[in-house]
Amino acid sequence: FFNKNYKINYNLVSKIKSHKTSDTIFIFGSGESINELDSLNLKKIFNHDTFGFNQAYYSSLPFKFYAFEAIEKSDILKDINQFNNIYFKNFFKYFDNNKNLKLIVVKDPKLKFLDLYKFFKNLNRSFIYKSFIEIPADTIEEIESYYDMILQIEKIFPISLQLRFLEKKRSSLIAYLDLFRRAGYKSIQFVGVDLKNSKYFFQSDNYNYPNLYQQIPQSQPDNRIHKTENKKYGSLIFSEILNSYKKKYDIEIEFFNRK
């Protein structure tokens, strides 16, 4: 069923570079703070490159790059099969409507999801299937040592910038951050990445974007703290990993200030 727009093990970094038009990229999550953006904020953001992932499509914003994955397990989903079917139908609608979209990354493709991927077989969009690996680190010292090793590898073998897997820890956002650094961006701005509030922007009473997509049956996350910031689910939390990353790499990483 694959058409010419499907690529597996393709040089993703080079592909992003071919569409890069700014040294700054804005990465959109699905946090409630997205509802606070006004027209001036959005104009400023979309003067640069943009990337959305997972359920950011509920904003209907015209992201240049997008990434998603089929869900295997979750502690907030009532029916995973139902979730994935609606999820992929919504993706098809968003990908078909977004004429600004240049590239779609399918995270961790698996044969068990073949029927879901068939939703896109006639869609004229560029897809790249990419596997992620988990960084082998359980402490801040280990994660910083890992990043030191990667810096040495990149210095000795520059081709590794393009050929390595996408490396994540606690959150795929770490892998996406590193992907765009490797593609040459100098500034990465997070939007809707709310570490102290796990509520989705499209489940909020303040949701103020066009409601074009079918709602997916899913429980409302505990809105006190994001799961990636909770030590209950892992010895390293996202903010610790992010701080270690910022210490090691010469790149600006900020949470977008709408003011």
Side-chain angles (χ1 to χ4, degrees), residues 25-38 41-42 45-46 49-78 80 82-95 97-98 100-101 104-108 132 166 168 170-177 179-180 188-230 233 237-239 241-242 253-258:
I25 188 164
F26 287 83
I27 294 179
F28 276 71
S30 304
E32 191 175 18
S33 63
I34 289 178
N35 292 321
E36 299 173 2
L37 300 175
D38 59 26
N41 297 146
L42 292 173
I45 289 169
F46 282 88
D49 290 347
T50 54
F51 168 77
F53 67 98
N54 295 348
Q55 299 188 79
Y57 67 83
Y58 274 107
S59 67
S60 296
L61 293 170
F63 303 116
K64 177 179 281 190
F65 307 114
Y66 209 93
F68 71 98
E69 62 183 307
I71 304 301
E72 281 193 277
K73 58 184 179 179
S74 171
D75 55 2
I76 66 169
L77 298 181
K78 301 172 183 177
I80 289 180
Q82 182 186 34
F83 176 95
N84 279 328
N85 273 282
I86 298 174
Y87 200 32
F88 274 64
K89 288 177 182 177
N90 284 347
F91 279 133
F92 179 91
K93 185 174 183 179
Y94 175 75
F95 296 157
N97 289 339
N98 182 2
N100 190 53
L101 192 59
I104 302 163
V105 179
V106 182
K107 175 182 176 288
D108 287 334
F132 286 50
L166 298 186
K168 67 184 179 71
R170 283 304 299 268
S171 169
S172 298
L173 189 53
I174 294 295
Y176 298 137
L177 164 65
L179 169 64
F180 291 114
I188 296 177
Q189 303 282 322
F190 293 141
V191 186
V193 178
D194 303 342
L195 302 184
K196 295 184 179 180
N197 178 3
S198 63
K199 194 171 186 177
Y200 295 130
F201 75 98
F202 52 87
Q203 290 183 328
S204 168
D205 292 337
N206 297 319
Y207 178 43
N208 60 2
Y209 293 89
N211 190 5
L212 304 179
Y213 304 97
Q214 186 175 349
Q215 289 295 314
I216 304 175
Q218 57 187 317
S219 301
Q220 177 65 261
D222 182 338
N223 64 5
R224 290 171 296 176
I225 187 172
H226 196 275
K227 185 176 180 179
T228 58
E229 283 293 286
N230 193 333
Y233 300 101
I237 58 175
F238 174 79
S239 57
I241 301 165
L242 182 63
I253 304 169
E254 302 289 346
F255 290 83
F256 178 68
N257 185 348
R258 66 185 181 88

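One-based numbering along the sequence shown.
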Flag the pair Tyr94 / Asn90 as yes when at least one side-chain heavy-atom distance between them is below 4.5 Å, and no otherwise.
no
Heavy-atom pair of closest approach, residues Ile27 and Leu173
CG2-CD1, 3.6 Å
Within this structure, what is the CD-CD1 distance for the pair Gln189 and Ile45, rounded to the nearest 0.5 Å?
9.0 Å
Go through Tyr176 and Phe180 one step at a time and tell me if the ring pair (Phe, Tyr, Trp, His ring centres under 6.0 Å) criterion holds.
CA-CA 6 Å; Tyr176 298 137; Phe180 291 114; 7.4 Å; no
From the options Asn206, Asp194, Asn197, select the one residue that forms a side-chain contact (heavy atoms from CB on, under 4.5 Å) with Ser33.
Asp194
Can you tell me how far CG of Leu242 sits from CD1 of Ile237, rounded to the nearest 0.5 angstrom?
10.5 Å
Donor-acceptor contact present, side-chain Thr50 to main-chain Phe26, <3.5 Å:
no
Of all heavy-atom pairs between Leu212 and Ser60, which one has the smallest distance, and what is that distance?
CD1-OG, 3.4 Å
Nearest heavy-atom neighbours spanning Leu101 and Lys64:
CD1-O, 3.5 Å
List the residues meeting side chain to side chain donor-acceptor pair (under 3.5 Å) with Asn54, not counting sequence neighbours, and say none if there are none.
none
If I compare all heavy atoms of Ile86 with all of Gln214, which pair ends up nearest, and what's the gap?
CD1-NE2, 3.5 Å
Could you check whether any side-chain heavy atom of Phe91 comes within less than 4.5 Å of a side-chain heavy atom of Ile104, counting everything from C-beta outward?
no
Within this structure, what is the CG-CZ distance for the pair Asn35 and Phe202, rounded to the nearest 0.5 Å?
10.5 Å
Is there a donor-acceptor pair under 3.5 Å between the side chain of Glu229 and the backbone N or O of Ser239?
yes
Shortest non-hydrogen contact between Phe132 and Ala175, atoms and distance:
CE2-CB, 3.4 Å
Output field: ring centroids Phe28/Phe256 closer than 6.0 Å
no
Asp108 CG to Ser172 OG distance, which is reported to the nearest 0.5 Å:
7.5 Å
By side-chain contact (heavy atoms from CB on, under 4.5 Å), which residues pair with Ala70, not counting sequence neighbours?
Asn84, Phe88, Phe113, Leu116
According to ring pair (Phe, Tyr, Trp, His ring centres under 6.0 Å), who are the partners of Tyr213, at least two apart in sequence or on a separate chain?
Tyr57
Phe63 side, atom CZ; Asn98 side, atom CG - distance, nearest 0.5 Å
8.5 Å
Listed by chain and number, what are the salt bridge (Lys or Arg N to Asp or Glu O under 4.0 Å) partners of Glu72, not counting sequence neighbours?
Lys110, Lys112
Candidate pair Phe53 and Val105, rule side-chain contact (heavy atoms from CB on, under 4.5 Å), full reasoning:
CA-CA 9 Å; Phe53 67 98; Val105 179; over 6 Å; no
Phe95-Phe68 aromatic ring centre distance below 6.0 Å:
yes
Side-chain donor or acceptor of Tyr66 paired with backbone N/O of Ala56 under 3.5 Å:
yes
Side chains of Tyr58 and Ile34: closer than 4.5 Å at any heavy-atom pair?
no
Closest heavy-atom pair, Gly29 versus Val193, reported as atoms and distance to 0.1 Å, is N-CG2, 4.2 Å
Within this structure, what is the CD-CZ distance for the pair Gln55 and Phe201, rounded to the nearest 0.5 Å?
8.5 Å
Can you tell me which residue among Ile241, Ile25, Ile253 is in a side-chain contact (heavy atoms from CB on, under 4.5 Å) with Leu177?
Ile253
Using side-chain contact (heavy atoms from CB on, under 4.5 Å) as the criterion, list what pairs up with Asn211, not counting sequence neighbours.
Tyr207, Gln215
For Glu69, the salt bridge (Lys or Arg N to Asp or Glu O under 4.0 Å) test, sequence neighbours excluded, returns Lys107
